[in-house]
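Since we're looking at a predicted model, the values are computed, not measured. So you know, we letter chains A, B, ... as the sequences are listed, proteins then strands, and number each from 1.
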Amino acid sequence: MRYGRSSKIQIAAAALAVALTAPAAARAAGNRAPARALLQVQLEGGARALVVGQSVPVTIRADFLAGTGVTLNGEPRVVSDGFTLSGVSDKPRQAEARRNGLPYTELTWTGVLTAVQAGAPPPAVELPVELSYREPTHPAPGAGADDQEQESPFASLFADTPLASDPFFAQMMKNDPFSQFFQDLGGAVRQREVTLRDQAAHVGVSPTPQPSPAGYTGAVGAFRATTALSPGPFRVGEPVTLTLRVEGRGSFDRLTTAGVPGTEALSAYEPHAAFSPGRAPTEGTKVFTQTLVPRRPGALDIPAVALVTFDPQRHRYVTERTRPISLAVADAAESEPAATAPTNAAVPPVTAASPQPELAEDTTRRSLVPAIRQAWFWWAVAGLVAAAAVGSVAGSLGFRRRARGLLGRHEHRRLVTQARRRMDAAVAAGDAPALFGAARAGFQACLAPAWSIPAEAISAADVETRLGARGERVREIFEQADRCAYGGGARSVADLERWRRVAAEELEGLEEVA
Amino acid sequence: MRTRESGYRGTAGVVAGAVLLALSAGHAQASTPVESVAALVQQAQADLAAHPGRAVLDYERARLLAPRAPEIRDGLARAQAAVGLPATRAGLLESAVERLSPDEWSRIALAALALAAVAATGAAWRARRRWTVPTAVAGLILGLAAGNAAWRTAPQRTEAIVVGANTVARIAPFASAEEAFVAPEGSRVAIGRIHEGFVRIRSERREGWIPSSAVEPIIPRS
């Protein structure tokens, strides 16, 4: 079965024909007409005087006559500006009960009623429901026990028997269950949306004594506070957790604290609160945790935290003070700081926080997004793959050979230049053997790669055979070189200059051959 | 022939230019400091007491930048203990991989792939094939392995940490929907669709909707 804003509850039992009666009317009518639905609000401890801010457990009970279909159209709500209703259980407790001998189904909610306005009238609680039931064919509003006896279909059967004068039998006939059964036959099914309502009578709200002390935030109840500090050692710049634990009974939602104030020696951050409910609705534990950061080394006193509340039992304000804590703070640079345990170290810390060593070195980035999750990384990978693919395809398509041709031409140019320099030097020196020798060496170097034979092995005969008429002057230079090598020979400067020009022209012309 | 040679040179130039442009873009992005490990650790220490889930997030982010810092490893374990989560235990291989940050693995992968590209091109040109072929193969293997490590160590953009306490995941994106499970504070989840203040999360084969404010991705939304 689910309960919510609009939940349906079917109360399974024999349908009994009774009139729908408002609770107040039902109470006024006494036993004459049993109520089909009834709402009751009960404060813990009964009716009494409350003060503003005081919270008390409240029990809200709705009774529905067996056989009535019930749809809850909402949760119980308080109808009063002077009270708030909180902590109402989502799912009511369901139980079977008997009232005046009739079966009822009880739904019970628990919650907390808090007084917020002095002089407010007693709080009323409402519960919107939709009821479906069968209308009796012979309604008996205000009918007494005698009327019921007369309407019993079995009464006439025993009228002339000795049993009629028997008081025990008469009582049995008065409670004849079949009478209700016959009344119910043929009745129409009715549906009604009604709002059950009850008022907690005799509840008064008075203000708290004025003026209220500084630090009072409206919490009413009985509380007990303890503090704890996270374990040392303590260093400058490292956070310390101060835990303020408040246990007790009362209006915890109004219980707040500013915590330890910041000083020149201590940075203090805003405390955070966490509430854990206890067994009773107004019981629980509220834990305030505050982060403190020492700002200078040496002895540090963490002042006591004051908690101002109002005790309704003693009808006076109560200031709960925690014990101050002294601790020794080491410099951040010290590797093994001398630490002093806090004075109330017996109280275990709430959190596992403890100071941490400084980071050895800092690392900074523009973004936390890893490179592999960014586009540039994949563009770089794609570029590398493309470069490798292009390079490999180029190599396999013979680009290498063409590059070698480029290198061959470059080499030829280098050899021609080198031979020219040597020839120029020989002409300047008037050295004919050197001139022809340099020219022949240049021709051999240029022709050797193309003919695939060693340079030294190329002779005038090879030139004549391979180049034919085109190599006539080259062959002549080879022969002149041989003659100079074996027979020497003096030449005029003009003659040497002419041979140098011839040799240079032929070297240039051999590029195509190379 | 001249036209063909010019084409090869042009292609090579364009590829080299693209690679240099990509590398310089990455370098430029990495060179402007914004996220600081020290700042993240300081934030985590401040969050540890009151918001341990957020401290876990801060340490996870710091670990992206400085995976070998023992302070961060210890701090993360402390934060996980504070929210009641078991400390992350990695195997030998995983520990070795996590010694380097995702960006360090990415750089190694790029360098290895560049070496493989050069060596493969040299091999195609029949230049010192005794060295170029093994170098190309080794570079390719190293590049792929480093890339895989970078992929594994870098969190996905959908990975997130639950920063809210007692966060209830529901079967539908509204507050009154039926509860599916409780997402532990500080736990790592995968986030999905977002709908009117709720985000769909997946955690250990369970799925549900939680308020957007209760979860934050490890890689911040840009």
Side-chain angles (χ1 to χ4, degrees), chain A residues 4-5 230 237-243 269 271-272 274 289-291 293 350-396 399-400 402-403 406, chain B residues 1 5 8 11-12 15-16 18-19 22-23 25-26 29-38 41 45-46 48-50 52 61 64-66 69 71-72 74-75 78 81-82 102-103 105-107 110 113-114 116-117 120-121 123-126 147 150-151 153-155 157 165 176 219-220 222:
Chain A
R5 181 170 289 278
S230 56
E238 294 180 356
V240 179
T241 302
L242 177 69
T243 304
Y269 295 87
H272 297 272
T289 52
Q290 187 179 21
T291 301
V293 181
V350 171
T351 68
S354 62
Q356 299 183 12
E358 285 288 321
L359 200 65
E361 58 178 310
D362 192 14
T363 305
T364 54
R365 289 282 161 75
R366 181 176 175 272
S367 168
L368 280 175
V369 182
I372 201 166
R373 307 270 183 242
Q374 297 189 42
W376 71 262
F377 175 84
W378 295 106
W379 278 112
V381 171
L384 288 171
V385 171
V390 169
S392 302
V393 169
S396 62
F399 190 68
R400 174 175 53 87
R402 284 159 180 73
L406 287 172
Chain B
M1 182 180 299
E5 288 168 7
Y8 291 146
T11 305
V15 169
V19 172
L23 288 173
Q29 231 177 6
S31 60
T32 313
V34 171
E35 299 288 353
S36 159
V37 174
V41 170
Q45 290 174 347
L48 187 56
R61 286 176 173 173
L64 283 178
L65 304 181
E71 302 86 354
I72 295 173
D74 297 344
R78 209 181 340 258
D103 283 357
W105 281 119
S106 300
R107 284 192 212 108
L110 275 185
L113 287 178
T121 306
W125 285 59
R126 301 181 185 283
W151 186 265
T153 51
R157 286 184 184 271
S176 57
I219 298 175
S222 54

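Scanning both residues, L110(B) and A380(A), for their nearest heavy atoms gives CD2-CB, 3.8 Å.
Heavy atoms of L65(B) lying under 4.5 Å from chain A belong to its backbone as well as its side chain.
Not counting sequence neighbours, the partners of P102(B) by the side chain to side chain contact (heavy atoms under 4.5 Å, CB included) test are P370(A), L64(B), T153(B), A154(B). Residues meeting the side chain to side chain contact (heavy atoms under 4.5 Å, CB included) test with A150(B), sequence neighbours left out: I372(A), W105(B), S106(B).
Side-chain atoms of R373(A) come within 3.5 Å of backbone N or O of P155(B) as a donor-acceptor pair.
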